[in-house]
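Working notes, structure below.
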There are 2 protein chains.
Amino acid sequence: MISAGRVLKATYKDIKADILSKILQGIWTPGSLLPNEVALAERYECARATVNRAMRELAEDGFIERKRKAGSRVRLSPVRQAKFDIPIVRREIEEHGAQYRYALVQSEACVPPDWLRARLQLSNTAQVLHLTCMHYADGAPYQLEDRWINLTLLPQARDADFTTVGPNEWLVSQVPFSNAEISFSATAADQTIADHLGCPIDAPVFQVERSTWWTDQAVTTVRLWHRPGHRMTTRY
Amino acid sequence: MISAGRVLKATYKDIKADILSKILQGIWTPGSLLPNEVALAERYECARATVNRAMRELAEDGFIERKRKAGSRVRLSPVRQAKFDIPIVRREIEEHGAQYRYALVQSEACVPPDWLRARLQLSNTAQVLHLTCMHYADGAPYQLEDRWINLTLLPQARDADFTTVGPNEWLVSQVPFSNAEISFSATAADQTIADHLGCPIDAPVFQVERSTWWTDQAVTTVRLWHRPGHRMTTRY
DNA sequence: CAGTGGTCTAGACCACTGA
DNA sequence: CAGTGGTCTAGACCACTGT
């Protein structure tokens, strides 16, 4: 058991910061038992609900574990998570102070290839729209996009004009929120990628794949290839 | 403005789920103004604090935006975030049902190269421990680790035995919590990487770089190279 | 069964900010 | 300046779970 120093009329943020600093400095070490909420409320001279919020957020942030009856402990192993902003290419580019340009390379309605039908669980009669697009930063190739849209779910995509608006931005306006699976990997540039990104064939390319569903129906899947040297960074 | 259906004695989870389903189904569309907390509290027949918690969490989850005086709106563009579990290689491998094996390849205390001193803001007199390690899944190369540990901050690393315990697990036991910067990219295998991972030179390799600090002092930096074909996946 | 966190309430005051 | 969310309070009851 740990004893807490006395602090006057603390807000939940004060309490959270105070407890966190004790953990980060190693004053409260992994595995040790923290005072219970009532005790902390006395020491910080506030209501238990205020302490509760501070502790709840520390638990959400992965710093402590809480159990009824057993109390709250500093986590033993930092079960840490990293959060990434889902890359929205236009914003990504503009935030780097560069000028964004978009171009449609190809657009074709077709029957989905087998691998796509399998991945998106499409019916045998489904039709899809296949788009190829380029995103430029200050005129230089930044990202190549290979997009498939489920025409059964979004027939209006057939008549949409993708020469000026990118499929991502169009989709956001059509499907409010959706579930998605996203994965990152490294791949070698094939002829098409090399041509569009202006890099050698077999150059290592950072690849993002994302499939999204709306109420259990496949909306779209996309592969994004980034120019060589691209990095995705975050802090935690 | 949107009107809410009446629900009896709802908990904050009920309210959150109800509002979220209206957003996901497109009943409440992006940009539209939600009822204020007092109105929702009446409709759900609960206290305002209960509504507040539901709405606060929806905002944290990125579904709505809240502003004083202006009210709460469904987000226009899904500023969604993806959470990744920080890859802990042993768990990653064992969760795939494979057997984990670790091996120390090389260990050497030395003066940090310039790029490392710059990256970690080390003093001129700093010493570092340079480790090279391999992680195997079912006997096959899985990940090559190139690790640098700040000996000024962690002198005990000099005497630690890294032949049986990986540096990551050792560090976790020495430094309770730390800030980190992590980045992902694609790179081409050099001779060393190719040898250790058993892949061709110039093969595209998924690279993770992570630097961590403890109270503003650099603890360690590491580069991890994954076997060809490695994917990092999440849902959101 | 008893101790702990989880949640709700009714009310209050405050901070911010759009009109 | 008035409407909205942000936070706090003092108290209450409940759910879970270790002992």
Side-chain angles (χ1 to χ4, degrees), chain A residues 1-4 6-20 22-23 28 30-76 79, chain B residues 1-4 6-20 22-23 28 30-76 79:
Chain A
M1 173 62 87
I2 294 168
S3 76
R6 179 166 287 238
V7 178
L8 294 184
K9 283 293 170 189
T11 67
Y12 85 92
K13 284 182 181 173
D14 295 333
I15 298 172
K16 191 180 168 184
D18 191 57
I19 295 175
L20 182 53
K22 286 186 169 59
I23 294 174
W28 289 357
S32 58
L33 183 64
L34 273 57
N36 68 29
E37 294 190 348
V38 174
L40 286 171
E42 283 172 14
R43 288 170 173 72
Y44 288 110
E45 295 192 339
C46 66
R48 183 167 77 97
T50 306
V51 170
N52 178 272
R53 178 152 180 200
M55 300 284 276
R56 177 158 34 86
E57 292 197 359
L58 285 169
E60 279 170 9
D61 295 347
F63 292 105
I64 66 175
E65 279 179 316
R66 319 195 72 197
K67 277 187 203 166
R68 283 165 160 132
K69 166 78 182 182
S72 303
R73 293 177 179 278
V74 180
R75 283 198 102 104
L76 278 171
V79 181
Chain B
M1 171 64 88
I2 293 167
S3 77
R6 177 165 286 239
V7 178
L8 294 184
K9 282 294 171 189
T11 67
Y12 85 91
K13 285 182 180 172
D14 295 333
I15 298 172
K16 190 179 168 183
D18 190 56
I19 295 175
L20 182 53
K22 285 185 170 61
I23 294 174
W28 289 355
S32 58
L33 183 66
L34 273 56
N36 68 29
E37 294 190 349
V38 174
L40 287 170
E42 283 173 15
R43 289 170 171 73
Y44 288 111
E45 294 191 339
C46 66
R48 181 168 79 98
T50 306
V51 170
N52 179 272
R53 176 152 181 201
M55 300 285 276
R56 177 159 34 88
E57 291 197 0
L58 285 170
E60 278 171 10
D61 294 347
F63 291 104
I64 66 175
E65 278 179 317
R66 319 196 74 198
K67 276 187 204 166
R68 284 168 160 133
K69 166 80 179 182
S72 303
R73 293 178 179 278
V74 180
R75 286 199 101 104
L76 279 172
V79 181

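Please read these numbers as outputs of a predicted model, since none were measured by experiment. Residue numbers start from 1 in every chain, and the chains themselves are labelled A, B, ... in the order their sequence lines are given, proteins ahead of strands.
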query: What are the two closest heavy atoms between Val74(B) and Pro30(B), and how far apart are they?
result: CG1-CA, 3.6 Å
query: Can a side chain N or O of Arg53(A) be found less than 4.0 Å away from OP1 or OP2 on dC8(D)?
result: no
- prompt: Mind checking whether Leu40(A) and Ile15(A) have side chains closer than 4.5 Å, heavy atoms only?
  reply: no
message: Using OP1 and OP2 only, check whether a side-chain N or O of Lys13(A) sits under 4.0 Å from dT7(D).
response: yes
- prompt: Atom CD of Glu60(B) to atom C1' of dG5(D): distance rounded to whole Å?
  reply: 14 Å
- prompt: Is Glu37(B) paired with Arg66(B) through a side-chain N to carboxylate O contact shorter than 4.0 Å?
  reply: yes
- prompt: Which nucleotide in the set dG6(C), dT7(D), dG5(D) lies at the smallest distance from any side-chain heavy atom of Ser72(B)?
  reply: dG5(D)
message: So, does Arg66(A) get its side chain near the phosphate of dG6(C), meaning an N or O under 4.0 Å from OP1 or OP2?
response: yes
message: Measuring to OP1 and OP2 of dG6(C), would you say a side-chain N or O of Asn52(A) lies under 4.0 angstrom away?
response: yes
message: Tell me every residue that passes side chain to side chain donor-acceptor pair (under 3.5 Å) with Thr50(A), counting only those two or more places apart in sequence or in another chain.
response: none
query: Quick one: is Thr50(B) getting a side-chain N or O under 4.0 Å of the dT7(C) phosphate, OP1 or OP2?
result: no
- request: Starting from the 5' end of DNA chain D, give me the residue, Glu37(B) or Ala49(B), whose nearest nucleotide shows up first.
  value: Glu37(B)
task: Starting at atom OH of Tyr44(B), determine the distance to atom C1' of dT9(C), rounded to an integer number of angstrom.
output: 19 Å
Main-chain N/O of Thr11(A) paired to Asp14(A) side chain as donor or acceptor, under 3.5 Å: yes
- request: Could you check which of dT9(C), dT7(D), dG6(C) has an atom nearest any side-chain atom of Arg48(A)?
  value: dG6(C)
message: In whole Å, I'd like the distance from the CG atom of Leu40(A) to the P atom of dT4(C).
response: 11 Å
- prompt: Short question: side chain of Arg75(A), backbone of Phe63(A) - any donor-acceptor pair under 3.5 Å?
  reply: no
Residue pair Trp28(B) / Pro35(B): nearest heavy atoms and the distance that separates them: CH2-CD, 4.3 Å
query: Side-chain N or O of Asn36(B) less than 4.0 angstrom from OP1 or OP2 on dT4(D)?
result: yes
- request: Find out whether Asp61(B) and Leu20(B) are in side-chain contact, i.e. whether some heavy atom of one side chain is under 4.5 Å from a heavy atom of the other.
  value: no
task: For DNA chain D, produce a single dot-bracket line, 5' to 3'. Pairs: Watson-Crick or G-U wobble, both distances under 3.5 Å. Symbols: ( ) within strand, [ ] crossing, | other strand, . unpaired.
output: ||||||||||||||||||.
message: Using whole Å, what does the distance between atom P of nucleotide dC8(C) and atom NZ of Lys16(B) come to?
response: 12 Å
task: Give a yes or no on whether the backbone of Gly31(A) and the side-chain of Arg73(A) come within a donor-acceptor separation of less than 3.5 Å.
output: yes
Between dC14(C) (C1') and Tyr12(A) (OH): distance, integer Å: 15 Å
task: Figure out the CG/C1' separation between Leu33(B) and dT17(C), and round it to whole Å.
output: 15 Å
Could you write out each protein N or O paired with an N or O of nucleotides 16-19 of chain D at a distance under 3.5 Å?
none

query: Among the nucleotides dC13(D), dC13(C), dT9(D), which one has an atom lying closest to any side-chain atom of Ala47(A)?
result: dT9(D)
message: Within the 4.5 Å heavy-atom criterion, are Arg53(B) and Arg53(A) side-chain neighbours or not?
response: no
query: Roughly, in whole Å, what's the span from CE in Met55(B) to P in dT7(D)?
result: 14 Å
message: What is the distance, to the nearest angstrom, from the CZ atom on Arg56(A) to the C1' atom on dT4(C)?
response: 16 Å
